[in-house]
Asks: 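This is the structure I want to talk about, given as structure tokens.
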Amino acid sequence: QVRLVESGGGLVQPGGSLRLSCAASRIISTGNAMGWYRQAPGKQRELVAAITWGGSANYADSAKGRFTMSRDNAKNTVYLQMNSLKPEDTAVYYCVIGITDRGMFYPGDYWGQGTQVTVSS
């Protein structure tokens, strides 16, 4: 079993930046992809970005050009750099271990507890 711990959330003004981190409690198996999801109040959880073991990332349309996902396999950590934040980015952000298949990300059973991001003036 693996535990994922997100950090880096907080309150930021529109146009600001945050960097989220997700640290795994043990080595993530070779081949596993990682994803960042978010869930705003009253809305379904949605995929924001995903990254393969080799570091190839894909993004939701809402995140393209503003968010960058990266991973450091030696540190068992993935990151989400979020720039030009908007009020509609306000949500709880979760990381998850999963797999990718034909360009699609499929989350597994191991999720973090989430970190709150609030974009407001």
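Small disclaimer: the values here were computed from a predicted structure and weren't measured. The figures here come from the full heavy-atom set of this structure, side chains too, leaving out hydrogens, waters and symmetry mates.
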Asks: Could you give the distance from CD (Gln116) to CD (Glu6), rounded to the nearest 0.5 Å?
Replies: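 The distance works out to 12.0 Å.
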Asks: Determine whether a donor-acceptor pair (N or O, by modelled atom type, separation under 3.5 Å) exists between the side chain of Arg3 and the backbone of Trp111.
Replies: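 Here the side-chain-to-backbone pair does not exist.
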Asks: So, for Ser17 and Ser84, which heavy atoms are closest and what is the spacing to 0.1 Å?
Replies: OG-N, 4.4 Å
Asks: Between Asn32 and Ile97, is there a donor-acceptor pair closer than 3.5 Å when you use the side chain of the first and the backbone of the second?
Replies: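 No, because the side chain of Asn32 does not come within donor-acceptor range (under 3.5 Å) of the backbone of Ile97.
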Asks: Nearest 0.5 Å, what's the OH-CE distance between Tyr93 and Met82?
Replies: 5.0 Å
Asks: More than 12 non-hydrogen atoms from neighbouring residues, nucleotides or ligands closer than 6.0 Å to CG on Asp101, yes or no?
Replies: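 Correct, the count exceeds 12.
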Asks: Can you tell me if Tyr37 and Arg45 form a side-chain donor-acceptor pair at under 3.5 Å?
Replies: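 Note: Tyr37 and Arg45 side chains miss the donor-acceptor criterion.
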Asks: Taking the side chain as C-beta and beyond, is there a heavy-atom pair between Pro14 and Pro87 under 4.5 Å?
Replies: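 They are in contact (side-chain heavy atoms under 4.5 Å apart), so the answer is yes.
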Asks: Would a 4.5 Å heavy-atom cut-off, applied to side chains only, mark Ser56 and Ile51 as touching?
Replies: no
Asks: Using the ring of Tyr94 (Phe, Tyr or Trp, six-membered ring only), decide whether Arg38 places NZ or CZ under 6.0 Å from its centre and within 45 degrees of its axis.
Replies: no
Asks: Can you tell me if Thr77 and Asp72 form a side-chain donor-acceptor pair at under 3.5 Å?
Replies: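 The criterion, which ignores hydrogens and geometry beyond distance, is not satisfied for Asp72 and Thr77.
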Asks: Can you see which heavy atom on Ala33 is nearest to which on Thr100, and at what distance?
Replies: CB-CG2, 3.6 Å
Asks: State whether Lys64 and Asp61 are salt-bridged, where the test is any N-O pair (Lys NZ or Arg NE/NH1/NH2 against Asp/Glu carboxylate O) under 4.0 Å.
Replies: yes
Asks: Counting C-beta onward and ignoring hydrogens, is there a side-chain heavy-atom pair between Thr68 and Leu80 closer than 4.5 Å?
Replies: no
Asks: Go through the steps to decide whether Arg66 and Asp89 satisfy the test side chain to side chain contact (heavy atoms under 4.5 Å, CB included), and finish with yes or no.
Replies: CA-CA 11 Å; Arg66 300 188 300 125; Asp89 295 316; 2.7 Å; yes
Asks: Does any part of the side chain of Met69, heavy atoms only, come nearer than 4.5 Å to the side chain of Met34, both counted from C-beta?
Replies: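 Met34 vs Met69: side chains touch.
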Asks: Please find the pair of heavy atoms, one from Lys43 and one from Gln39, that lie closest to each other, and give the distance.
Replies: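 For Lys43 versus Gln39, the nearest heavy atoms are O-NE2, 3.1 Å.
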Asks: Mind checking whether Val92 and Thr115 have side chains closer than 4.5 Å, heavy atoms only?
Replies: no
Asks: With a 4.5 Å cut-off on side-chain heavy-atom distances among I, L, V, M, F, W and Y, is there a chain of contacts connecting Leu18 to Tyr59?
Replies: yes
Asks: Would you say Tyr79 and Val48 are hydrophobically clustered, going by side-chain heavy atoms of ILVMFWY under 4.5 Å?
Replies: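 No, Tyr79 does not connect to Val48 through the hydrophobic network.
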Asks: What is the distance from atom SG of Cys95 to atom OH of Tyr110, rounded to the nearest 0.5 Å?
Replies: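 Separation between the atoms: 14.0 Å.
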Asks: To the nearest 0.5 Å, tell me how far Gln1 CD sits from Ser25 OG.
Replies: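 Answer rounded to 0.5 Å: 8.0 Å.
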Asks: Using the rule that Ile, Leu, Val, Met, Phe, Trp and Tyr join whenever any side-chain heavy atoms are under 4.5 Å apart, tell me whether Leu85 and Leu11 fall into a single cluster.
Replies: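 No, it is not one cluster - the side chains of Leu85 and Leu11 are not joined through contacts under 4.5 Å.
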Asks: If Ile, Leu, Val, Met, Phe, Trp and Tyr residues are connected whenever their side-chain heavy atoms lie under 4.5 Å apart, and connections chain through other members, are Val2 and Trp36 in the same group?
Replies: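 Same cluster: Val2 reaches Trp36 through Ile, Leu, Val, Met, Phe, Trp or Tyr contacts under 4.5 Å.
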Asks: Under a 4.5 Å cut-off applied to non-hydrogen side-chain atoms, are Phe105 and Val96 in contact?
Replies: yes
Asks: Evaluate whether atom CD of Glu88 has more than 12 neighbouring non-hydrogen atoms of other residues, nucleotides or ligands under 6.0 angstrom away.
Replies: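 More than 12 heavy atoms, drawn from other residues, nucleotides or ligands, come within 6.0 Å of this atom.
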Asks: How far apart are the C-alpha atoms of Ser120 and Gln13, what are their side-chain angles, what is the distance that settles it, and do they pass the side chain to side chain contact (heavy atoms under 4.5 Å, CB included) test?
Replies: CA-CA 5 Å; Ser120 175; Gln13 293 186 342; over 6 Å; no
